[in-house]
Amino acid sequence: LDEVFAGLYFEAIDAMDGPLSDVPVAWRPLVQNRAVAGIEPVQFALAGMNAHINHDLPLAVVATCTQLGTEPTVGTHHQDYQRVNALLDSAEQSVRQSFEPAQVVTVDQHLAAVTNVITNWSINSAREVAWDTALALWEVRDHPVATGLLTGSLGRAVAMASRGLLAVV
């Protein structure tokens, strides 16, 4: 799963050097907003996490289960998947703080607005949505039309959330 998941990330990053049409839809807001003034680095970090977790992770779960001849609901797959959440919880706050300048003033209205944007996104909630999406993708895996509709909607929904994370405040 880690290799497939990482591979999707690197494919998206590599595609960013080419035409926008080559970039997965879920990742396009990051490319489209690179030069927009007023978007903080932490917003790009969270939009990237959003695209990777909410789009790439469910695709990786389905691809991995297919490769291994198993199903997401078999055995301890979901329990193993959830174990990562505790690790991510412990790191999330320190990662967010690493983007804050040392001289942050609590009355800074701009920073308060950015904080409101980024605190609305939760890595564990995103991972739960990604798991449920993987289950839906698994159920339609043998139906190309349904798979195409679901993955297309997934990409557009994730892109919409990323645009919200990248709002200039």
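All residue numbers in this chain count up from 1 along the given sequence.
Side chain of S162 to main chain of P29: no donor-acceptor pair is present (N/O by atom type, distance under 3.5 Å, no hydrogens or angles). Within the 3.5 Å criterion, the main-chain N or O of Y81 finds a donor-acceptor partner in the side chain of R127. Between the E71 side chain and the C65 main chain, no donor and acceptor come within less than 3.5 Å of each other. Proximity of a side-chain donor or acceptor of S122 to a complementary backbone N or O of S125 within less than 3.5 Å is detected. Side-chain atoms of R141 come within 3.5 Å of backbone atoms of W138 as a donor-acceptor pair (strictly under, hydrogens ignored). A donor-acceptor pair under 3.5 Å is absent between the side-chain atoms of R28 and the main chain of A159, judged by distance alone. Proximity of a side-chain donor or acceptor of Y9 to a complementary backbone N or O of G48 within less than 3.5 Å is not detected.
Using a 4.5 Å heavy-atom cutoff, the side chains of Q82 and W131 are not in contact. By the 4.5 Å heavy-atom criterion applied to side chains, L137 and L59 are counted as neighbours. A heavy-atom distance below 4.5 Å is not found between the side chains of H78 and T73. Contact annotation: the side chain of Q43 never approaches that of L165 to less than 4.5 Å [non-hydrogen atoms, C-beta and beyond].
From D22, atom CG reaches atom CG of D17 across 10.5 Å, with rounding to the nearest 0.5 Å.
The minimum heavy-atom distance between W27 and I13, with the atom names listed, is CZ3-CD1, 4.4 Å. For G155 against H55, the heavy-atom pair with the smallest separation is CA-CD2, 3.6 Å. In plain terms, the two heavy atoms of E128 and N85 that are nearest each other are OE2-ND2, 3.9 Å. Across every non-hydrogen atom of P58 and I53, the tightest pair is CD-O, 3.3 Å. In plain terms, the two heavy atoms of A51 and V158 that are nearest each other are CA-CG1, 3.5 Å. Taking every heavy atom of both residues into account, D56 and L8 meet most closely at O-CD1, 3.3 Å.
Hydrophobic clustering (side-chain heavy atoms under 4.5 Å, transitive across Ile, Leu, Val, Met, Phe, Trp, Tyr) keeps M160 apart from L57. Cluster membership check: V61 shares its hydrophobic cluster with M49, using side-chain heavy-atom separations under 4.5 Å among Ile, Leu, Val, Met, Phe, Trp and Tyr. L68 and V4 are assigned to two separate hydrophobic clusters, defined by single-linkage of ILVMFWY side chains at heavy-atom distances under 4.5 Å.
Partners of Q67 according to the side chain to side chain donor-acceptor pair (under 3.5 Å) rule, which considers only residues two or more places apart in sequence or in another chain, do not exist here. A search for side chain to side chain donor-acceptor pair (under 3.5 Å) contacts involving D2 returns nothing, not counting sequence neighbours. With sequence neighbours excluded, no residue forms a salt bridge (charged side-chain N to carboxylate O under 4.0 Å, His left out) with D142.
Donor-acceptor pairing under 3.5 Å is recorded for the side chains of T70 and H77.
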